[in-house]
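All remarks here apply to the structure that follows.
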Amino acid sequence: MSRDAADHAADIIRHDFEAFHEGFRAITRRAKERFEARDWAGIRRDTVRRLALHARSVTDSLADLREEYGERVEERSFWGEVKDAYALAILGSDDFELAQSFFNSLTREVFAHEGIDPYIDFLSQDFPLPFRGWEMASARMYTTHQVTPVIMRKVLEDAAFRVPFRDLEAAATEAARTVSEAVTSTFGESKLEALDFLRPVFVRNKAAYLIGRARFGDRNLPLVMPVLNDGDGLELDTVVHAENDISIIFSFARWYFHADLASPRQVIGFLHSILPRKRVAELYISLGYHKHGKTEFFSDLTSVIAGTDETFVVAPGQRGLVMAVFTLPTYEFVFKVIRDTFPASKATTRQRIMDRYRQVLLHDRVGRLVDFQEYEHTKFPRARFSQELLKELLEEASLTVALEGDEVVLRHMYVGRRVRPLDLYLREVSGTQLEEVLLDWGNAVKELAAANIFAGDMLSKNFGVTRHGRVVFYDYDELCALTDCNFRTFPKARNDEDELAAEPWFSVVDGDIFPAELSRFIGLDDAQRSIFLDHHADLFGVDFWRELQERNRDGEVIDFFPYASRKSRSEDPLRPG
């Protein structure tokens with residue numbers, strides 16, 4: 001292949017990538033306008049559209065290449081030469097790392113190869129680290145030694161919303177008071193060197209977020225200011241300044257932010273300065289760059305495996321009927337592969353399971369569904385698997401797992417954050433902790449229902465508890481839309497024979513749900529069930545479920561804010577709005 005031909009092919013890919021990223025940013029820019037117009041359904045539609053953009057762009061780019069180069073696109077030598085030319089073509093661009101991931105997506109679409117092929121793939125060491133210090137290129141710096149209402153008013157005004165604040169002076173005064181108190185508590189005095197706020201406004205569902213930090217020496221105080229639009233003007237909901245609380249806002253169980261970024265890595269550097277415990281991969285994913293997030297995650301996993309002698313083991317918790325689940329003992333993630341066969345109680349198929357996992361990707365997770373990344377054709381050293389785990393995988397997931405010499409090949413897997421299985425957690429806690437987790441478990445079920453999600457299998461083993469004490473759901477093989485369910489009460493028995501019958505004497509079809517029966521499946525002892533019923537007895541009647549079905553059918557967007565708020569919550573978190 002001539003140098004000119006390689007350069008031309010690289011230019012085609014670069015052009016297609018730039019078209020993808022500009023399309024991504026165009027959708028993202030609309031989010032702020034939709035927030036100002038209170039177009040909540042539009043924000044959700046755009047989130048789904050944006051998720052589909054990468055795969056469509058990869059398909060279109062390969063079509064462009066095949067039209068120009070025909071069968072040569074199927075040759076490894078073609079991609080090896082084009083890779084070198086492409087590396088030069090994207091050099092110096094603000095979205096350099098995203099362009100590399102786009103190229104890797106093309107090669108993996110053409111060649112279903114296991115692992116990373118350094119001849120045709122960009123390697124983990126090729127990807128630049130987050131900016132250190134340069135992250136201010138995407139931020140405004142407010143040089144001040146004291147946090148005053150005047151400064152905070154300037155921060156709010158610079159966000160440039162086209163809808164006015166209902167009471168800008170009150171919002172600025174309250175923000176100044178909260179930030180000043182947090183600065184004094186964190187730094188030991190009220191003095192600071194500067195406030196920094198990212199220029200892009202982050203939008204998700206019904207809130208817009210201003211992301212910043214207070215600086216004093218080498219210490220940072222993270223600041224997140226959620227803004228709401230109730231139709232009568234904007235209102236600053238609160239100021240979040242604890243790292244753990246901000247980590248929940250960027251949780252792996254939340255959907256994706258919209259923030260228009262010319263240079264994502266600069267913003268990732270800023271976010272990492274206020275959320276140092278968050279992995280770079282998770283930050284990219286939280287901003288909707290899920291394909292590059294997968295790349296960053298696999299790079300991180302490869303480093304972890306190289307840096308430890310730990311072996312993969314069966315994950316804690318009850319054995320799954322559909323998935324084989326394993327982990328590294330000190331790693332924060334679990335790996336799932338689909339078993340070859342399922343028991344008769346699981347009326348499902350491999351394709352249906354995969355479809356439901358993809359459904360989760362395209363659905364608002366309201367902080368209650370664990371985000372999983374899907375990988376194909378990966379491989380790990382055989383020596384890093386415990387004998388028990390390897391035996392289980394080869395015997396029960398042979399369609400997915402195979403041995404090739406000294407390596408274990410995983411043709412398909414899901415990777416997600418590891419949480420403590422709820423059934424184990426319930427055995428370990430008592431008193432206030434027990435009551436809090438039971439309360440949150442019911443809230444999780446209700447919030448999923450508000451998002452038009454019925455978990456299906458309500459057993460406690462299918463839920464988990466995060467390090468922040470929040471209950472999340474992670475078993476998706478029976479998940480379905482709430483509006484597809486038919487919630488029923490038990491018919492009255494016609495006679496004694498009906499009452500004593502082992503099988504239902506009335507007809508039951510797919511989609512029929514009897515809420516009164518749910519209490520038998522949640523797996524609680526008498527004391528735990530009593531606590532649960534004190535808070536969530538409405539889950540066992542049809543009225544709760546049918547009301548939420550109607551609200552979803554009417555197109556209402558019910559949102560749950562990921563922070564302790566003064567104004568966004570009432571006594572009824574499922575209030576209409």
Side-chain angles (χ1 to χ4, degrees), residues 32 35-38 136 138-217 219-250 257 259 270-271 273-275 559-571 573 577:
K32 189 179 179 187
F35 167 77
E36 292 164 340
R38 303 185 77 246
M136 284 304 299
S138 294
R140 293 185 180 90
M141 181 173 66
Y142 301 86
T143 304
T144 180
H145 296 303
Q146 300 290 330
V147 181
T148 67
V150 173
I151 295 293
M152 297 313 299
R153 174 174 178 145
K154 180 63 174 168
V155 171
L156 295 173
E157 288 176 333
D158 283 345
F161 291 109
R162 295 183 301 176
V163 175
F165 279 83
R166 186 187 306 154
D167 189 338
L168 182 58
E169 295 301 332
T173 299
E174 180 62 20
R177 183 191 64 77
T178 303
V179 174
S180 292
E181 290 175 357
V183 165
T184 300
S185 175
T186 302
F187 300 151
E189 55 181 306
S190 61
K191 185 177 180 181
L192 71 158
E193 292 177 1
L195 291 173
D196 307 322
F197 274 85
L198 285 170
R199 295 174 185 272
V201 174
F202 286 47
V203 176
R204 185 174 61 199
N205 292 339
K206 292 185 177 180
Y209 298 82
L210 310 185
I211 312 292
R213 67 189 181 189
R215 280 189 289 115
F216 186 79
R219 291 180 292 174
N220 287 330
L221 171 69
L223 300 170
V224 172
M225 304 201 310
V227 176
L228 305 183
N229 180 2
D230 64 4
D232 294 325
L234 303 185
E235 191 159 4
L236 180 64
D237 198 10
T238 189
V239 179
V240 187
H241 51 77
E243 182 186 334
N244 279 345
D245 294 337
I246 295 173
S247 181
I248 291 173
I249 294 174
F250 283 82
F257 283 108
F270 190 100
L271 294 175
S273 76
I274 63 174
L275 292 170
D559 192 30
F560 296 87
F561 295 87
Y563 54 87
S565 161
R566 296 192 315 274
K567 307 179 185 70
S568 63
R569 298 191 181 198
S570 67
E571 291 183 4

Practice task
Would you indicate whether the side-chain heavy atoms of V155 and M225 approach each other to under 4.5 Å?
Solution key: yes
Problem - Residues which pass side-chain contact (heavy atoms from CB on, under 4.5 Å) with T186, listed by chain and number, not counting sequence neighbours - result: L221
Exercise for the section: Tell me, please, which residues at least two apart from E36 pass salt bridge (Lys or Arg N to Asp or Glu O under 4.0 Å). Expected result: R162
Completion exercise
Residues passing the side-chain contact (heavy atoms from CB on, under 4.5 Å) test with T184, sequence neighbours excluded, are S190
Practice task
Could you list all the ring-ring contact (aromatic ring centres under 6.0 Å, His included) pairs where at least one residue sits in residues 171-201, not counting sequence neighbours?
Solution key: F187-F216
Practice task
Keeping to residues at least two apart or across chains, list the ring-ring contact (aromatic ring centres under 6.0 Å, His included) pairs with something in residues 228-249.
Solution key: none
Exercise for the section: May I ask you to decide if A175's main-chain N or O and T178's side chain share a donor-acceptor pair within less than 3.5 Å? Expected result: no
Problem - Atom pair CG/CZ of D559 and R204 - distance to nearest 0.5 Å - result: 8.5 Å
Practice task
Please round to the nearest 0.5 Å and tell me the distance separating atom OG1 of T143 and atom CG of L192.
Solution key: 10.0 Å
Fill in the blank from the handout: Smallest heavy-atom separation, P226 atom then T238 atom, equals CD-O, 3.1 Å
Handout entry: Minimal non-hydrogen separation, A259 against P200, with atom names
Key = CB-CB, 4.3 Å
Fill in the blank from the handout: Distance col, row L234:CG vs D167:CG, nearest 0.5 angstrom, shows 12.0 Å
Exercise for the section: Compare every heavy atom of A208 with every heavy atom of V201, then report the nearest pair and how far apart it is. Expected result: CG1-CB, 3.8 Å
Practice task
Return the set of residues passing salt bridge (Lys or Arg N to Asp or Glu O under 4.0 Å) with K191 (not counting sequence neighbours), or none when no residue passes.
Solution key: none
Exercise for the section: Without swapping roles, check the side chain of E243 against the backbone of I274 for a donor-acceptor pair under 3.5 Å. Expected result: no
Handout entry: Spacing of F161 atom CZ and L210 atom CG [to the nearest 0.5 Å]
Key = 5.0 Å
Handout entry: From CG (L198) to CD1 (I211), nearest 0.5 Å
Key = 7.0 Å
Handout entry: Within-4.5 Å side-chain heavy-atom neighbours: K206 and F561
Key = yes
Handout entry: With R177 via salt bridge (Lys or Arg N to Asp or Glu O under 4.0 Å) - residues at least two apart
Key = E174, E181
Problem - Non-neighbouring partners of D245 that pass salt bridge (Lys or Arg N to Asp or Glu O under 4.0 Å), sequence neighbours left out - result: none
Practice task
Please report the closest heavy-atom contact between A171 and L236, naming both atoms and the distance.
Solution key: O-CD2, 3.8 Å
Completion exercise
By side-chain contact (heavy atoms from CB on, under 4.5 Å), A194 pairs with (sequence neighbours left out) M141, D196, R215
Practice task
Specify the closest pair of heavy atoms between I246 and L223, including all atoms of both residues, with the distance to one decimal.
Solution key: CD1-N, 4.1 Å
Handout entry: Candidate list F35, F250, F257, test ring pair (Phe, Tyr, Trp, His ring centres under 6.0 Å), partner Y209, passing option
Key = F257
Problem - Minimum heavy-atom distance L195-M152, with the two atoms named - result: CD1-SD, 3.9 Å
Practice task
Check the pair D158, Y142 against side chain to side chain contact (heavy atoms under 4.5 Å, CB included), reporting the backbone distance first and the verdict last.
Solution key: CA-CA 11 Å; D158 283 345; Y142 301 86; 2.7 Å; yes
Fill in the blank from the handout: dist L275:CG -> R213:CZ (nearest 0.5 Å) comes out at 11.5 Å
